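Keep in mind the model is a prediction, meaning the values are calculated, not measured.
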Amino acid sequence: MYLNEVLDAILECLAMAIRFPDLDDVAALREIATGFRNKSDGGIFADCVGALDGILIGLEYVRHCDSPFPARFWTCKSKFALNVQAICDSQRRFTFFSIDTPGSTHDSIAWMYTDLWKELESRGLPHPFYLFTYAAYTGFTNVVCPFPGKS
C-alpha cells in the first residue's frame, strides 16, 4: 500500500487544483451560489456555496508502518477506510476535500480536523452564504442541515 505517496501525488497535481474560494472573494462565492439557486426548486438554495458530506474510502488493509494505530481505520461497516470530507458546487465539481482522519472518525469530528473548518470558525462565511449538509453536521456555524425526522 502506497497511501501516502498516492495522496501526495494527488495534492501536488496542478491539473487537479481543488480550492474552496477565498472567503474574501465574494464574487466567486456569489457565482457558486447562483449555480445552486438556478438548480434548486424556486431558488430555495440561493445562498448555498457548497454541499458538504463525508465518505469512507475503503482500504485493503493498514500496516503498522503506515499508521501506529491501524485499528483506527477499521469502521462500523467492517472495513478499513479513510474518512474523506468533501464539498462540491452545483455542477458536482469538488471545491474542497480533506483526507485527515481514519475511517472510524465520525463525519462531524473529521470536519473539525480540516483547515477549512478552522478558517470558517475563526472568520465565518460572508453573510448570507452557507454550506448545505446533513444532520451529522448539526450545530456547526456556516452550515444548514435539513430538519431531522420524517419528511
Side-chain angles (χ1 to χ4, degrees), residues 1-23 25 28-29 31-36 38-41 44-45 47-125 129-151:
M1 179 164 88
Y2 298 96
L3 176 61
N4 293 328
E5 291 85 355
V6 170
L7 294 177
D8 287 344
I10 291 170
L11 293 172
E12 291 173 9
C13 179
L14 295 178
M16 293 181 66
I18 296 173
R19 303 262 186 290
F20 193 78
D22 185 282
L23 298 183
D25 191 349
L29 294 168
E31 183 179 340
I32 294 171
T34 298
F36 278 104
N38 292 343
K39 287 201 170 207
S40 62
D41 194 19
I44 195 167
F45 295 121
D47 299 312
C48 180
V49 293
L52 166 65
D53 200 358
I55 185 171
L56 294 175
I57 303 297
L59 301 170
E60 198 170 307
Y61 56 87
V62 177
R63 302 176 303 186
H64 281 281
C65 63
D66 293 319
S67 170
F69 306 105
R72 291 183 182 170
F73 293 84
W74 190 252
T75 71
C76 61
K77 297 183 180 186
S78 298
K79 65 179 181 179
F80 288 106
L82 294 166
N83 183 312
V84 177
Q85 297 294 298
I87 297 174
C88 67
D89 65 13
S90 65
Q91 302 296 315
R92 300 182 198 143
R93 295 175 298 207
F94 287 105
T95 58
F96 170 81
F97 75 95
S98 173
I99 310 171
D100 290 329
T101 56
S104 65
T105 310
H106 188 274
D107 280 347
S108 63
I109 302 300
W111 173 234
M112 290 170 45
Y113 274 90
T114 69
D115 290 338
L116 181 57
W117 176 82
K118 293 169 190 164
E119 184 177 12
L120 291 175
E121 284 299 302
S122 68
R123 296 182 56 205
L125 278 168
F129 301 119
Y130 62 88
L131 298 171
F132 190 77
T133 188
Y134 75 107
Y137 301 89
T138 301
F140 287 107
T141 55
N142 304 294
V143 301
V144 172
C145 302
F147 182 77
K150 296 181 181 179
S151 55

task = Kindly determine whether Phe96 and Asp89 satisfy side chain to side chain contact (heavy atoms under 4.5 Å, CB included), including the steps that lead there.
result = CA-CA 9 Å; Phe96 170 81; Asp89 65 13; over 6 Å; no

query = Do you know the tightest heavy-atom contact between Lys118 and Met112?
reply = CE-O, 3.9 Å

ask   = Roughly how far, to the nearest 0.5 Å, is the OG1 atom of Thr101 from the CZ atom of Arg72?
value = 11.5 Å

request  = For Glu121, look at atom CD and say whether over 12 heavy atoms of other residues, nucleotides or ligands are found less than 6.0 Å away.
outcome  = yes

task = Determine the minimum heavy-atom distance between Ser108 and Ala136, stating which atoms define it.
result = CB-O, 3.2 Å

message = As an exercise, state the distance from CG of Leu23 to CD of Glu119, rounded to the nearest 0.5 Å.
response = 4.0 Å

key: From Asp100 atom CG to Tyr113 atom OH, the distance as rounded to the nearest 0.5 Å   = 10.0 Å

ask   = Going by the angle between their ring planes, with limits at 30° and 60°, are Tyr137 and Phe140 parallel, tilted or perpendicular?
value = tilted

inquiry  = Can you tell me how far apart CG (Asn83) and CG (Leu56) are? Round to the nearest 0.5 Å.
reply    = 5.5 Å

key: Criterion side-chain contact (heavy atoms from CB on, under 4.5 Å) against Cys145, the qualifying member of Leu131, Leu52, Thr133   = Thr133

message = Looking at every non-hydrogen atom in both residues, tell me the closest pair between Ser40 and Phe45 and how far apart they are.
response = OG-N, 3.1 Å

key: Candidates Val49, Ile32, Ile18, Thr95 - the one meeting side-chain contact (heavy atoms from CB on, under 4.5 Å) with Ile87   = Thr95

ask   = Minimum heavy-atom separation for Ala81 to Thr75, with atom names?
value = CB-CG2, 3.7 Å

query = Is there a side-chain contact between Ile55 and Ile57, using heavy atoms and a 4.5 Å cut-off?
reply = yes

Rounded distance (nearest 0.5 Å) linking atom OG1 of Thr114 with atom CD1 of Ile99 = 12.5 Å

message = With a 4.5 Å cut-off on side-chain heavy atoms, are Asp107 and Trp111 touching?
response = no

message = For a 4.5 angstrom cut-off between non-hydrogen side-chain atoms, does Tyr130 reach Cys48?
response = yes

task = Identify the two heavy atoms, one from Gln85 and one from Gly54, that lie closest to each other, and give their separation to 0.1 Å.
result = NE2-CA, 3.5 Å

task = Report the C-alpha separation of Leu125 and Leu120 in whole Å, then their side-chain angles, then the decisive distance to 0.1 Å, and conclude whether the side chain to side chain contact (heavy atoms under 4.5 Å, CB included) test is met.
result = CA-CA 6 Å; Leu125 278 168; Leu120 291 175; 3.6 Å; yes

remark   = Closest non-hydrogen atoms of Trp74 and Ser104, given as atom of the first, atom of the second and distance, are O-CB, 3.4 Å

